[in-house]
Amino acid sequence: WVDLRPDNCAIWKSRTAKMIDLHAMGGNTTGSDADWAIIKPEDEIEPSRFAAWVFSQEDGGARIKR
């Protein structure tokens, strides 16, 4: 089931804008700490990148070396 109601679509549009803004600000794009969920405006939609971004940015998930 995919929630395509206007309210949910607005949330995803906002998330997409934030992801693009992170890329525009330089974001981590190389090395082992690269944020592979950051997207560029011309990138194709990849659900896995969106999910990774939500987990890391909204849910506070990240891999931590100890």
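Counting begins at 1 with the first residue of the sequence.
- The backbone N or O of Ala10 sits nowhere less than 3.5 Å from a side-chain atom of Ser14 that would complete a donor-acceptor pair.
- For residues 2-14, the set of pairs meeting the salt bridge (Lys or Arg N to Asp or Glu O under 4.0 Å) definition, not counting sequence neighbours, comprises Asp3-Arg5.
- In this view, Asp59 and Val54, Phe55 satisfy the side chain to side chain contact (heavy atoms under 4.5 Å, CB included) rule, not counting sequence neighbours.
- Residues Arg15 and Glu58 are in side-chain contact: their nearest non-hydrogen atoms beyond the backbone lie under 4.5 Å apart.
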